[in-house]
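What's counted below: heavy atoms across the whole structure, side chains too, no hydrogens, waters or symmetry copies. A quick note: this is a predicted structure, and the numbers were derived from the prediction, not measured. Chain A is the first sequence line, chain B the second, and so forth, proteins listed ahead of strands; every chain is numbered from 1.
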Amino acid sequence: MHNRYNPNYFEKIIYKLWEKNNTFYTKKNNKKINNFSIIMPPPNITGNLHIGHAFQQIIMDIIIRYKKMKGKNTTWIMGTDHAGIATQILVEKKINVLNKTISDKYLLSEIWKWKKKYEKKIHKQTKILGSSVDWSKIHFTLDKYFSYAVKKAFIKLYKNNLIYKTKKIVHWDKKARTVLSDLEINNKKTILKNWYIKYPLQNKKKKYLVIATTRPETILGDVALAVHPKDKRYINYINKKVINPLNNNIIQVISDDYIKPQKGTGCMKITPAHDFHDFDIAQRHKLNMINILNLNGTIKKKSDLYNYKGKKITSNTINLNNNAKLINLNTKKVRKKIIKILKKKKLLKKIEKVKSTIPYSNKTNCVIEPILTNQWYIKMSSLSLKAIDYIKQDKIIFYPNKYKKICLSWMYNIKDWCISRQIKWGHKIPIWYNKKKEIFIGLNKKDIKTKYKHIKINELKQEKSVLDTWFSSSLYSFVCLGWPKKNNNKFKNFYPISLVVSGFDIIFFWISRMIMMSLYLTKKIPFKKVFITGLIRDEKGAKMSKSIGNVIDPLDLIKGISLNELIHKRTKNLINKNNIKKIKLNTKKTFPNGIKPHGIDALRFMLASINTPNIKINLNLNILKNSYHFCNKLWNACRYIYQNIKPPKKIKIHFSSLVDQWIINKINYLIIRYKKYLYSYRTDLLCKEIFIFIKYHFCDWYIEFIKIKKNNHQVLFIIHKILKFIHPITPFITEFIWQKFTKHKLIISKNQLLSKEPFPCIIKHINKKNIKIISLIKKIIIISRKIKSKNLNKLINLYIFNIPLDIKQILYQNKCLFKISSSYINKIFLFHKIKNLTNLKKKVKINKIFFRKKKIFYHKEKYFLIFAEMVER
RNA sequence: AGGUGAUUAGCUCAAUUGGUAGAGCAUCUCUUUUACAAGGAGAAGGUUGAUGGUUCAAAUCCAUUAUCACCUACCA
């Protein structure tokens with residue numbers, strides 16, 4: 001063993017060893033009680049695993065390794081997610097779609113290539129992290145069996161009238177050219193301009209109604225003005241007609257309770273096709289709707305007129321009289337032109353700055369355009385009611401408990417879920433149309449033919465949209481266990497899944513939808529417990545993102561990286577090149593010497609240590625450094641044993657020695673704590689206890705104590721236990737040491753692998769008096785060290801009074817233990833109770849100064865009184 | 001606007017549900033000793049954001065307040 005812990009040298013070998021020996025293999029077992037399963041949120045195939053993935057994986061791994069050692073039959077379900085829009089965008093960028101016309105087939109084949117590449121990378125990274133997932137069955141949310149399950153689920157929902165198609169206003173991502181659900185939108189605060197624009201009255205020249213708008217380009221889609229029915233300023237104008245200042249359309253002034261008189265001018269323009277509230281108002285007043293935007297967010301050549309039910313009436317050329325060319329321009333340019341026109345017409349009253357929030361796509365980061373489209377929706381209210389019931393009754397338990405509230409409040413206010421997306425990469429919707437645009441549903445064309453015999457197959461055309469990625473994700477928990485196949489053992493034995501570990505950012509996206517879908521489709525809860533981790537931020541608390549350039553790759557923490565390489569990594573492939581300087585500076589500041597290699601176990605220990613119940617967890621590399629020290633400490637302690645203890649001929653376990661009893665007591669305590677901490681997923685507290693145990697109890701005292709008596713075989717028994725209970729947290733180093741020790745017969749066990757060992761149990765028959773004596777000795781030594789640090793180069797005679805007789809005897813017998821500080825303790829004198837303690841105290845007080853002058857110190861403790869006398873060397 | 005949480009040593013965070021406020025990093029002093037100098041020994045550092053209440057006892061429970069963060073919704 002090297003004198004320094006050098007993890008990169010053995011970690012690869014260890015994981016292969018586990019794989020070879022089927023360590024993660026789950027036995028078939030029909031006793032359901034003994035089964036324990038975890039489902040990993042499937043990482044997106046959009047890229048490598050980041051530190052957040054590593055964080056969650058390691059918490060899961062600690063729990064599953066612990067459960068396995070405790071004798072549970074474990075399964076950890078692993079897979080990847082096809083991540084519809086995000087993946088397609090990345091591949092499109094890679095093959096530079098904008099400059100080419102490509103077929104769907106080509107695009108899909110390129111995406112599959114991408115998938116293969118990144119799935120492989122993700123699996124490799126997962127192995128590097130030491131995650132003991134069940135590799136016998138790896139999932140991908142776009143595999144054939146998944147596709148079958150998705151269709152089955154869709155058909156069932158559709159047949160029970162929980163899925164419908166409708167034309168309404170949606171959040172439109174104009175870059176990806178698809179609809180998004182309300183969850184996929186980020187609102188950003190910005191300062192906008194509010195334009196006050198005059199709408200001339202039809203019959204009274206030179207009279208106007210003034211509206212305020214932040215989006216003047218949508219004036220082309222206006223169908224009405226609206227005021228509050230009781231607003232005295234406008235009461236006379238209700239039902240009068242005004243002229244659209246741009247295209248001279250005649251529109252009516254209506255009244256609606258929604259209008260708030262104190263906002264803007266109290267008079268609002270109604271653009272039902274491009275604003276959510278206007279859409280609702282149009283529904284109430286049965287107003288027509290005018291769509292003026294192309295799907296890429298530019299102005300249409302012809303605007304489409306719909307009735308309030310969404311039925312198309314006509315298309316009209318967008319006509320502005322003065323030949324302004326607006327067609328195919330984006331909103332920014334249109335806005336500029338329109339403002340110019342209005343200024344010329346003298347219809348612009350004033351411009352004001354307002355604080356506002358603008359919706360952005362969290363996929364492409366472009367501004368969301370509200371637009372009228374036909375989409376598929378799931379009715380959520382009945383599904384959520386059931387889920388609410390189960391969560392309220394604590395049939396699914398959230399850790400920390402606060403997330404239960406968050407999840408419930410979302411479910412109470414749930415909106416229908418828009419599940420169709422206008423992209424290519426995803427599950428196709430199992431809907432077909434004939435020439436009359438009638439709807440047919442089935443697994444495939446043949447399936448439809450058997451159901452509807454009059455249908456001509458050639459006529460059928462499948463719905464072009466695909467399903468939202470989260471639709472398949474919402475089925476993930478039970479599809480991974482074989483649903484909808486009936487009579488399958490995996491589902492029977494492992495469903496509901498014991499635990500899900502996830503970040504709070506996907507409670508709505510994934511956790512809650514999985515609960516709803518599972519209750520509906522399988523009549524069972526998907527999982528019993530949900531542990532929500534915090535989100536890892538950078539050292540300043542900022543979100544990690546590529547554009548800010550503060551992302552940390554877990555591999556860099558494991559293997560180390562130089563400053564230059566790190567800067568290169570963070571600045572290459574940046575979209576916004578203005579940030580490069582900033583990123584360089586910040587990286588230099590936070591990592592002036594780059595990142596040293598720390599090894600997987602140190603990373604694991606660090607991540608487990610920062611797993612506090614906080615929502616926001618700042619990554620602190622000091623803790624990583626500390627974790628490395630922990631591993632180094634463990635390594636060197638084992639190295640000492642390895643070098644100094646000879647393999648015993650016979651192993652006799654007897655814990656007569658004070659020191660052994662003392663350390664076993666500490667181990668017992670830790671084993672009890674272990675269960676408690678893991679039950680509440682507090683790996684941070686667990687790590688703290690283990691750290692204190694190894695560094696302070698085991699290394700600082702126990703090993704120092706055993707140095708006194710050579711070839712003490714009891715230590716082998718102790719280290720055997722220690723390796724086992726640290727194993728779930730730092731599996732590599734413990735397994736490596738285990739291998740070394742078993743080879744040299746320092747540890748003898750039936751199992752070749754530590755990972756197959758059972759978790760240690762408590763050792764009984766500990767004499768508490770013995771434990772007291774060790775703490776007493778420790779205290780005496782600590783006091784002597786303090787005295788010594790003030791009187792360097794001197795020896796100390798210790799006079800210890802007031803020790804009970806029985807303890808005094810044992811102390812005498814174990815006087816050798818004081819040898820730890822033999823370099824400065826000259827002599828120790830032990831005394832039984834002093835006849836008159838108060839007298840002595842008085843003496844001490846009176847003579848305090850005298851004592852100091854003579855360099856004699858005293859110290860009072862609960863059980864003893866200690867005097868120290870300085871002696872020249 | 002509503003909701004959730006946070007405020008503890010110079011910094012980053014704990015405190016296992018009310019019982020002596022603890023770690024790491026940084027600082028200072030000492031220490032090259034055969035497990036470990038990325039060590040070891042010792043020291044210094046705190047009116048737990050503020051005010052009030054309940055209690056034998058409050059960082060922890062309650063009320064008020066300040067600041068910050070996040071989530072949801074809205075903004076003409």
Novice: Heavy atoms under 4.0 Å, any strand shown: does A:N622 hit a base, just sugar-phosphate, or nothing?
Specialist: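 Result for A:N622 = sugar-phosphate.
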Novice: Work out how far the P atom of B:rA21 is from that of B:rC25, and round it to whole angstrom.
Specialist: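 My reading of the P atoms in B:rA21 and B:rC25 gives 23 Å.
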Novice: When all nucleic acid strands are considered with a 4.0 Å heavy-atom cut-off, which category describes A:Y258: base, sugar-phosphate, or nothing?
Specialist: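 A:Y258: base contact, heavy atoms under 4.0 Å.
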Novice: Would you classify A:R4 as touching base, sugar-phosphate or nothing, given that sugar-phosphate means primed atoms plus P, OP1 and OP2, and contacts are heavy atoms under 4.0 Å?
Specialist: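 Base, at least one base heavy atom under 4.0 Å.
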Novice: Please state the P separation for the pair B:rU65 and B:rG3 - nearest whole angstrom.
Specialist: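 Here B:rU65 and B:rG3 have their P atoms 13 Å from each other.
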Novice: Could you go through A:E369 and A:R215, starting from their C-alpha distance and side-chain angles, then the distance that decides it, and tell me whether this counts as salt bridge (charged side-chain N to carboxylate O under 4.0 Å, His left out)?
Specialist: CA-CA 11 Å; A:E369 207 63 68; A:R215 305 191 54 206; 2.2 Å; yes
Novice: How is A:S409 classified with respect to the nucleic acid when contacts are heavy atoms under 4.0 Å: base, sugar-phosphate, or nothing?
Specialist: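 Result for A:S409 = nothing.
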Novice: Within the structure shown, what part of the strands sits under 4.0 Å from A:E352 by heavy-atom distance: base, sugar-phosphate, or nothing?
Specialist: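 If one applies the 4.0 Å heavy-atom cut-off, A:E352 turns out to touch nothing in the nucleic acid.
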Novice: Using a strict threshold of under 4.0 Å (side-chain N to carboxylate O), is an ion pair present between A:R682 and A:D684?
Specialist: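 Salt bridge flag = yes for A:R682 with A:D684.
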Novice: Mind checking A:C699 for me? I need base, sugar-phosphate or nothing, with any heavy atom below 4.0 Å counting as a touch.
Specialist: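 Answer is base: heavy atoms of A:C699 come under 4.0 Å of a base.
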Novice: Within the 4.0 Å heavy-atom criterion, would you say A:K675 contacts the bases, only the backbone, or no part of the nucleic acid?
Specialist: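 The answer is nothing, as A:K675 stays clear of every strand by at least 4.0 Å.
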Novice: Donor-acceptor pairs are to be reported for all side-chain atoms of residues 595-603 of chain A against protein atoms at under 3.5 Å, with residues two or more places apart or in another chain.
Specialist:
unit_1, atom_1, unit_2, atom_2, d
A:H598, ND1, A:L557, O, 3.3
A:H598, ND1, A:K596, O, 2.7
A:D601, OD1, A:F732, N, 3.2
A:D601, OD2, A:F732, N, 3.4
A:D601, OD2, A:I733, N, 2.5

Novice: Does any pair with a residue in residues 220-234 of chain A pass side chain to side chain donor-acceptor pair (under 3.5 Å), and if so which ones, sequence neighbours excluded?
Specialist: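 For residues 220-234 of chain A: A:Y199-A:D222, A:D222-A:K269, A:D222-A:T271, A:D231-A:R233.
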Novice: Tell me, please, whether A:Y640 has A:K707 positioned over its six-membered ring: NZ or CZ under 6.0 Å from the ring centre and within 45 degrees of its axis?
Specialist: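 Yes, A:K707 sits over the ring of A:Y640.
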Novice: In whole angstrom, give me the gap between the C1' atoms of B:rC68 and B:rA50.
Specialist: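 About 15 Å, rounded to a whole number of Å.
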Novice: Using Watson-Crick or G-U wobble pairs with both distances under 3.5 Å, give me RNA chain B in dot-bracket, 5' to 3', with [ ] for crossers and | for pairs to another strand.
Specialist: (((((((..((((.....[..)))).(((((.......))))).....(((((..]....))))))))))))....
